[in-house]
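A note on names: the letters A, B, ... follow the listed sequences, proteins ahead of strands, and every chain is numbered from 1. Values in this document were obtained by computation on a predicted structure and should not be read as measured data.
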Number of protein chains: 2
Amino acid sequence: MVTLKDIARIANVSVSTVSKVLNGKGRVSEKKRREILQVAKELGYVPNLHARNMSKKVRILTIGLVIPDITNPFFGKLTRGVQKVCGEDVLVITVDSFRDLDREERVIRKLLFLGAHGIIIGNSRVNDELVKEVSRYIPVVVFDKDYEYENVVSIVLDNSYGAYLATKHLIERGYRNVIHLGGTHELYVSLKRREGYEAAMREKGLSPRVYPVGYDEEKGYKMMRKLLKSGEEIDGVFSMNDLVALGAMRAIREFGKKIPEDIGVVGFDNDEELCEIASPSLSSVHQPVEEMGETAAKVMLDMINGTLKVRKYIFSPRLVVRESSGGKKVNL
Amino acid sequence: MVTLKDIARIANVSVSTVSKVLNGKGRVSEKKRREILQVAKELGYVPNLHARNMSKKVRILTIGLVIPDITNPFFGKLTRGVQKVCGEDVLVITVDSFRDLDREERVIRKLLFLGAHGIIIGNSRVNDELVKEVSRYIPVVVFDKDYEYENVVSIVLDNSYGAYLATKHLIERGYRNVIHLGGTHELYVSLKRREGYEAAMREKGLSPRVYPVGYDEEKGYKMMRKLLKSGEEIDGVFSMNDLVALGAMRAIREFGKKIPEDIGVVGFDNDEELCEIASPSLSSVHQPVEEMGETAAKVMLDMINGTLKVRKYIFSPRLVVRESSGGKKVNL
DNA sequence: TCCCTCCGATCAAACGTTTTCCCTATTTGT
DNA sequence: ACAAATAGGGAAAACGTTTGATCGGAGGGA
């Protein structure tokens with residue numbers, strides 16, 4: 001790496017002169033100025049940020065934010081919440097792991113190595129051992145997962161309760177044969193949502209039916225089509241996310257059934273853009289994501305300052321009712 | 001700010017011992033170890049990242065990415081493109097300006113002050129003077145806007161061509177009375193899209209009709225409803241973005257007209273999630289956003305290394321045809 | 001000629017760590 | 001009991017930059 005010293009040597013001047021030229025500070029003759037600039041360019045000089053900031057006595061609090069997919073508005077909101085709290089004084093380094101667990105591990109280690117003062121991990125599939133290891137050095141905030149390590153705080157949504165709310169709502173609107181299109185089982189969130197659904201069904205004396213589907217529109221569409229064709233009796237669908245719900249709605253429409261008159265549908269996540277544009281608009285369970293991001297940042301700052309109070313934050317979802325669960329029309 | 005020296009003084013040991021304890025490196029007696037840890041905690045010690053990295057001879061190339069709204073998938077994709085190219089070696093500091101021009105200016109200055117090696121600005125409404133000033137120190141990449149400064153590269157989408165494509169497509173599918181729901185005029189992109197629309201109309205000997213609307217669904221809905229009620233003759237809509245197009249579609253449906261049989265609709269941006277979920281699915285002009293982000297990062301790296309070749313990159317949009325512009329049914 | 005000023009450039013300290021080398025006790029081995 | 005090994009700790013250099021102090025010399029005024 002080329003430093004000021006290298007430039008100084010080649011241009012036959014002192015280091016401080018070079019520094020002054022590059023920063024346009026003190027007074028330097030036009031001749032030397034040009035010469036130095038020239039040499040700097042030739043050598044491809046890139047200033048060393050650390051040296052500069054140390055010399056300038058700049059101190060920055062830096063926190064890392066690792067998320068699986070910045071393209072997804074859900075994580076966008078999370079990021080925004082964090083940045084809002086951090087304002088312009090705390091540096092947030094946001095990195096997208098592209099849902100690649102290896103890359104995630106690498107960037108987390110990198111963040112640690114670079115001296116981040118704390119890391120917020122927005123992915124509940126994160127490697128437990130890694131969290132444990134990192135938390136030995138700096139505080140960690142994780143979403144939707146429990147840890148009992150000293151230096152780790154969990155921020156979770158009460159997924160089970162959200163699912164319970166949604167299912168109960170469907171039942172109260174007159175739908176009886178409510179099925180659940182769930183995620184694959186390994187995930188904490190899909191497990192919890194399933195639990196809530198089952199609890200609500202049992203409470204009303206109905207028998208739950210759960211179909212593992214996945215997470216995108218296509219999957220929801222295919223599964224729903226299959227179920228309808230098979231003659232399965234269904235008048236309500238609680239889906240583990242909005243996309244799957246929208247897929248299911250497409251299948252229902254294609255099959256010639258009316259929403260919400262014949263079948264009611266409720267999603268999860270409340271991606272507003274999506275839910276409101278859909279026709280009929282989609283009822284969904286709302287997560288206060290941005291607020292959760294803000295809390296994550298606040299907690300992180302508290303941990304860094306050693307003024308942490310709580311070890312776990314639980315957020316409550318709320319149901320946003322739109323057209324898709326408007327109530328069943330009973331055939332006379 | 002508390003430093004190792006402070007801890008050392010209070011704990012009555014040397015700086016190097018403190019460092020060793022905090023990093024778990026050399027050997028230190030259990031007694032001192034505890035003591036030092038205790039003092040460090042009480043004083044609220046936070047390591048100085050710059051000093052550490054300098055000492056460790058770590059060098060990082062840092063580039064700042066400033067965007068107006070990380071919640072928007074469009075900017076999410078941009079961000080992703082940048083991060084993809086930067087990989088794990090170049091540090092990307094992404095900051096959301098919340099569409100607040102003042103905040104934007106502040107964060108850009110901050111980035112400069114912190115020693116970022118380059119800044120990518122994802123907002124065409126950015127302050128020109130600021131760009132000029134910043135570019136005196138470090139390279140800048142800007143989207144959708146032209147600059148002639150030495151150290152600034154523009155990455156633009158050929159908005160005019162995209163609009164032209166969309167409009168021509170509508171005309172060729174049999175729609176004659178194609179209107180344009182445009183943005184407000186101050187923006188470069190809305191100006192260009194309008195131009196393209198007008199060019200296509202004139203080319204076919206039709207007279208363009210442009211209505212300034214805005215950027216969200218509600219605005220599109222209201223304007224379209226008003227136009228339909230007023231009896232305006234319309235069988236085609238080219239909208240300046242997808243949301244406005246979806247609003248217009250809602251109004252059209254409500255008015256009892258069929259899409260695409262009576263009225264054809266084309267949007268802009270091609271927000272896939274939105275366009276495909278809509279029913280009928282929405283044709284739209286696609287911007288290769290992620291690719292543009294990748295290019296921005298590559299160009300930035302080139303500029304930093306002094307190996308820049310081109311001063312301006314123009315990307316071509318492409319039309320994605322879906323159901324909403326399927327062709328007009330002629331009444332017999 | 002001498003003194004003062006000002007310009008251009010250099011010197012050297014400082015920023016906060018890490019890390020290598022070195023010193024002194026103490027322990028271990030014979 | 002004496003040499004050798006080792007544990008515990010400190011001194012100091014190094015990382016690359018910024019910046020105030022300093023210095024030599026040119027030019028100007030008396």
Handout entry: Interatomic distance, Arg59(A) CZ vs dT17(D) P [rounded to whole Å]
Key = 20 Å
Practice task
Look at the side chain of Lys20(A) and decide which nucleotide, out of dA21(D), dT18(D), dT18(C), has an atom nearest to it.
Solution key: dA21(D)
Practice task
Rounded to the nearest angstrom, tell me the gap between atom CZ in Arg52(A) and atom P in dT19(D).
Solution key: 9 Å
Problem - DNA chain D: 5'-proximal contact among Lys25(A) and Thr17(B) (nearest heavy atom) - result: Thr17(B)
Fill in the blank from the handout: Rounded to whole Å, CZ of Phe113(A) lies from C1' of dT18(C) at a distance of 12 Å
Problem - Donor-acceptor pair between Ser16(B) and Ser19(B) side chains, under 3.5 angstrom - result: no
Exercise for the section: For residues Pro317(A) and Gln287(A), determine if any side-chain heavy atom of one lies less than 4.5 Å from a side-chain heavy atom of the other. Expected result: no
Practice task
Figure out the NZ/P separation between Lys5(B) and dT18(C), and round it to whole Å.
Solution key: 15 Å
Handout entry: Nucleotide dA14(C), atom P - distance to CG of Asn48(B) in whole Å
Key = 17 Å
Handout entry: Test: Arg80(B) cationic atom under 6.0 Å from Phe98(A) six-membered ring centre, within 45° of axis
Key = no
Exercise for the section: Output the single nucleotide from dA7(D), dC15(D), dG9(D) whose closest atom is nearest the side chain of Arg27(B). Expected result: dA7(D)
Problem - Candidate nucleotides dA14(C), dC11(C), dT18(C), ranked by approach to the side chain of Ser55(A) - the nearest - result: dA14(C)
Problem - Per Ala51(A) side chain, nearest of listed nucleotides dT19(C), dT17(C), dT17(D) - result: dT17(D)
Problem - His50(A) NE2 - dT17(C) P separation (whole Å) - result: 14 Å
Problem - Whole angstrom value for the distance that separates C1' of dA7(D) from CD of Glu30(B) - result: 14 Å
Problem - Polar side-chain atom of Asp6(B) near backbone of Leu4(B) as donor-acceptor pair, under 3.5 Å - result: no
Fill in the blank from the handout: Checking dT19(C), dA9(C), dT18(D) against the side chain of Leu4(A) (C-beta onward), the nearest is dT18(D)
Exercise for the section: Classify the nucleic acid contact of Ser29(A) as base, sugar-phosphate or nothing, counting any heavy atom under 4.0 Å across all strands shown. Expected result: sugar-phosphate
Problem - From dG16(C), dT18(D), dT19(D), nucleotide with atom closest to Ser16(A) side chain - result: dT19(D)
Fill in the blank from the handout: Nearest heavy-atom approach of His50(A) to Val58(B) is CD2-O, 3.5 Å
Completion exercise
Sorted by position of nearest nucleotide on DNA chain D, 5' first, the leading residue of Lys32(B) and Met54(A) is Lys32(B)
Practice task
Just call it for Asn23(A): base, sugar-phosphate, or nothing, with non-hydrogen atoms closer than 4.0 Å on any strand.
Solution key: sugar-phosphate
Problem - Separation of atom NZ in Lys57(B) from atom C1' in dC15(D), rounded to whole Å - result: 5 Å
Practice task
May I ask you to say what Val58(A) touches in the nucleic acid, namely base, sugar-phosphate or nothing, with a heavy-atom cut-off under 4.0 Å?
Solution key: nothing
Exercise for the section: When you get a sec, tell me which of dC15(C), dT19(D), dT19(C) is the closest nucleotide to the side chain of Ser19(A)? Expected result: dT19(D)
